[in-house]
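Every value quoted in this text rests on a predicted model; they were computed, and no experiment measured them. Each ligand, and each atom within it, is numbered from 1 in the order the structure gives.
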Amino acid sequence: MTILYLDCGMGAAGDMLMGALYELADDKRGFLAGLSGLTVAGVEIEALASEKCGIAGTHMRVLVGGREEQSLDAVDVHDHGDHDVHHHGHEHTRHDDHDHHEHDHYDQGDRHDHDHHEHDGAPDHHHDPGAQSHTHTHSSLPAVSEIISGLGLPEEVRDDALAVYQLIAEAEAHVHRRPVDEVHFHEVGTLDAIADVVGVSLLMHELSPDEVVASPVHVGSGQVWCAHGLVPVPAPATAYLLRGIPTYGGEIRGELCTPTGAALLRHFVDRFEPQPTMAVERIGYGMGSKDFAAANCVRAMLGGHAGGPGTVIELAVNLDDMTGEAIGFAVEELFAAGALDVWTSPIGMKKGRPAVVLSCLCDLSRRDDLIATLFRHTSTLGVRGTPHDRWTLERAVEDRRVGERTVRVKRASGWGVTRAKAEYDDLATLARDEGVTLDEARRRVEGSS
Ligand SMILES: O=C([S-])c1cc(C(=O)S)c[n+]([C@@H]2O[C@H](COP(=O)(O)O)[C@@H](O)[C@H]2O)c1
Ligand code: NI
């Protein structure tokens, strides 16, 4: 059971997530080759050694037409004009010839400010950024999907990347109160964001952790320039994408979590909580392009469960107006939707009604599906949920030959205990086919070991 833990104590941007996962990947060349389809579109992706507050990590530099996009925090408004903001995005990239310590001053007057929704959504609608501003492209979801689908990615990677973009499109649609099919991306529609989304999807596919856990997300504070103008941090799309996820503003003035980072977290992370008990085997640091007092990185840790409890959710509803048949059907649907266990308990309810509590246990990643199943297949108007610690034995299933037949035997071990038990369905088939009792069938399986 492998756990990928993402420390988002300095937020998350697409390139930071990609850098952190890249450090964990075995086949780094294969990964970069997997992104080569993007070079046709003028995108170059380099993994550069980068250092923040003395920590060595990787900065994934995505160049589109030779330029790297940066988010423009409005960290300081100077006396010499309301429109001047101090851009503190600079890099400390060892393999780079440029002067990384320059501080650019962005003047709102040099920006091409406009309503991106007035454009027709053609993916090649670029604005010349000039010397003082940033490039952005206006792309529709179908245009972005076409680019992603044309990259020759494994099906699962392509589907993940498309799902991340769907989330971004829904966030844009919500923020601008437009239908999803009328959304035109601005910054996140540029090729560098596509590279981030595809890169992270590819690396997740390569690492294939059983569980992805992330810390509460530090979003930063203040304001940031985007295609709409100066917006509050977290940017509106980021705030929407992170709803329901634990976040905090903290002391740092600047945008720490971008819409792309937020969409990637929403899609890939199973649960948000402090680092679980795990035996960490590999650690990766993905560096951002900006510098703050704290190391601007996402830290990724890969490891296994280390004897600590897992978390399961118990969902429960009280039912006083359903038939036994209908409740039985709901039980089957809950199992089909991924419940670990489902049970009913008799209760007495108001107005002297005999009733039942229908309960089920599930992993957090299945919780929302099971809530939807409860609402769909029962008459309840509310679902209760309680998280529980759960300690488990390691389980394995082995096949055992009993004469001409194969019977599955479940082995469980840990906590000083080892035991084995034949799978009931196989045992019942054996008993019926051989015309013996269940006990006799069990003895035959035990005798065959
Ligand atoms: O492109 C989109 S959807 C976008 C939306 C918003 C809104 O809040 S609406 C803000 N921004 C800003 O663009 C840059 C780049 O974001 P990436 O996700 O492409 O890294 C960033 O400063 C966002 O706040 C983009
Ligand atoms: Ni927007």
Judged by atom type as modelled, is there a donor-acceptor pair below 3.5 Å linking the side chain of Lys52 to the main-chain atoms of Gly286?
no
Considering only N, O or S atoms of His228, the one closest to the Ni ion (ligand 2)
NE2
Report the atom name of the nearest N/O/S atom of Glu172 relative to the Ni ion (ligand 2).
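Closest to the Ni ion (ligand 2) among those atoms: OE2.
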Closer than 2.8 Å to the Ni ion (ligand 2): does that hold for any N, O or S atom in Cys226?
no
Pick one: which of Asp369, Asp368, Asp363 meets salt bridge (charged side-chain N to carboxylate O under 4.0 Å, His left out) with Arg366?
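Answer after filtering Asp369, Asp368, Asp363: Asp369.
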Of Val157, Leu207, Val197, the residue whose pairing with Leu202 passes side chain to side chain contact (heavy atoms under 4.5 Å, CB included)
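Between Leu202 and the candidates, side chain to side chain contact (heavy atoms under 4.5 Å, CB included) is satisfied uniquely by Val157.
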Give the atoms of ligand 1, by number and element, whose distance to some non-hydrogen atom of [X] is under 4.0 Å.
X	result
His228	9 (S)
Thr260	17 (P), 18 (O), 19 (O), 20 (O)
His176	9 (S)
Ala235	8 (O), 10 (C), 24 (O)

Looking at every heavy atom in both Val64 and Val43, which two are closest together, and how far apart are they?
CG2-CG2, 4.3 Å
For Ala412 against Arg395, the heavy-atom pair lying closest together
CB-CG, 4.2 Å
Does a donor on one side chain and an acceptor on the other come within less than 3.5 Å for [X] and [Y]?
X	Y	result
Ser379	Asp321	yes
Asp160	His205	no
Glu23	Thr58	yes

Does Pro259 approach ligand 1 within less than 4.0 angstrom via side chain, backbone, both or neither, non-hydrogen atoms only?
both
Does Val224 approach ligand 1 within less than 4.0 angstrom via side chain, backbone, both or neither, non-hydrogen atoms only?
side chain
Can you confirm, on distance only, whether ligand 1 has an N/O atom lying under 3.5 Å from any N/O atom belonging to Pro236?
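N/O-N/O distance under 3.5 Å: yes.
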Please indicate whether any nitrogen or oxygen in Ala237 is less than 3.5 Å from any nitrogen or oxygen in ligand 1.
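So ligand 1 has an N or O lying under 3.5 Å from an N or O of Ala237.
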contact_flag Val231 ligand 1 heavy-atom lt 4.0 Å
no
From the options Ala262, Gly261, Cys226, Ala263, select the one whose nearest heavy atom is closest to atom 11 (N) of ligand 1.
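Result: the heavy atom closest to atom 11 (N) of ligand 1 is in Cys226.
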Nearest heavy atom to atom 3 (S) of ligand 1, choosing from His174, Glu172, Glu255, belongs to Glu172
Over 60° means perpendicular and under 30° means parallel, so classify the ring planes of His176 and His228, tilted if in between.
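Geometry flag for His176 against His228: tilted rings.
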